[in-house]
Amino acid sequence: MTVTSHYNVGVLALQGAFIEHIHHFQQCVDDFPQATFTFLEVRTPEQLGSCDALVIPGGESTSISLIAERTGLLTPLFEFVKTGKPIWGTCAGLIFLSKQVINGRQGQQLLGGMDIEVKRNAFGRQLDSFITDLDFSSFVPGCDKFPTVFIRAPVVSQILHGDGDHKEGVIYSKNDYVNDATVEVLHRLDSGLLVAVRQGNKLGTSFHPELSDDVAFHRWFLEEFVVSG
Ligand code: GLN
């Protein structure tokens, strides 16, 4: 007897590149004969409550934070993080998912799902946006030449251990969630800059896999975090 499982995968749809994530996921469904999926845009606590996993897209982290606060979604998002369900943050989503941020804007809120410090706009004006082929095959099977899009991208500037000191100019998450898993380095650029990390079932990428033609990253997320997770 074949058992089919159903998963609701939400994409936070307050601002930014959410529709592109949904289109990428839709192209992966045939690779999962044992599973069915609903990919939904999340704007309300009710929609968030129905999700088995959540993607936070790229865009502008300060706007996403502000809209979440104004629409009453910030506290439900804090609670969603605490449920321990899988979450993937891309670019602005990585910033929003982190515990602390440098180069942030005063009042910007963070979900505190990953024990990382993220530096916003880390590549400066010269390298504002760029595309480069990267080899992710050490964690995404067969994905050795992925056209990777960076747009005013952040980097992971520090992996955090414990609470640490509160420093001037750093924005801190107000969520008291504790992620018990270890932060794994998934990918560093040749320059050493850290652009992909995982902590248990939380995933953070500086770049935008939803803006390239390749759906390998999305297939891997569904396989590794949602279906097997
Ligand atoms: N620099 C943006 C921010 O701070 C992120 C850019 C992006 O998501 N492409 O939110």
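All ligand and atom numbering here is 1-based and tracks the order in the structure.
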Students should be able to answer this: which protein heavy-atom is nearest to atom 4 (O) of ligand 1, and at what distance?
R120 NE, 2.6 Å
Atoms of ligand 1 under 4.0 Å from any heavy atom of I151, numbered from 1 in the order shown, are 6 (C), 7 (C), 9 (N)
Of all the non-hydrogen atoms in the protein, which one sits nearest to atom 7 (C) of ligand 1, and at what distance?
C91 SG, 2.7 Å
Could you tell me whether a side-chain N or O of R43 sits under 3.5 Å from a main-chain N or O of A13, the two making a donor and an acceptor?
yes
Of all heavy-atom pairs between K85 and D52, which one has the smallest distance, and what is that distance?
CB-O, 3.7 Å
So between G58, S61, A122, whose heavy atom ends up nearest atom 3 (C) of ligand 1?
S61
How close do E60 and Q15 get, heavy atom to heavy atom, and via which atoms?
N-OE1, 2.9 Å
Of all heavy-atom pairs between L73 and T44, which one has the smallest distance, and what is that distance?
CD1-C, 3.5 Å
No-hydrogen, no-angle side-chain donor-acceptor test under 3.5 Å, Q34 and S5
no
Restricting to heavy atoms, the pick from G93, A153, G59, G16 nearest atom 5 (C) of ligand 1 would be G59
Can you find an N/O atom of A92 closer than 3.5 Å to an N/O atom of ligand 1?
yes
Residues which pass salt bridge (Lys or Arg N to Asp or Glu O under 4.0 Å) with K145, listed by chain and number, not counting sequence neighbours
D133
Contact summary for G84 and N201, nearest pair of heavy atoms:
O-ND2, 2.6 Å
In ligand 1, which numbered atoms sit nearer than 4.0 Å to a non-hydrogen atom of R152?
1 (N), 2 (C), 5 (C), 6 (C)
Among protein heavy atoms, which sits nearest to atom 1 (N) of ligand 1, and what does the distance come to when rounded to 0.1 Å?
N121 OD1, 2.6 Å
Check each atom of ligand 1 against the heavy atoms of I95 and keep those under 4.0 Å away; list them by number with element.
3 (C), 4 (O), 10 (O)
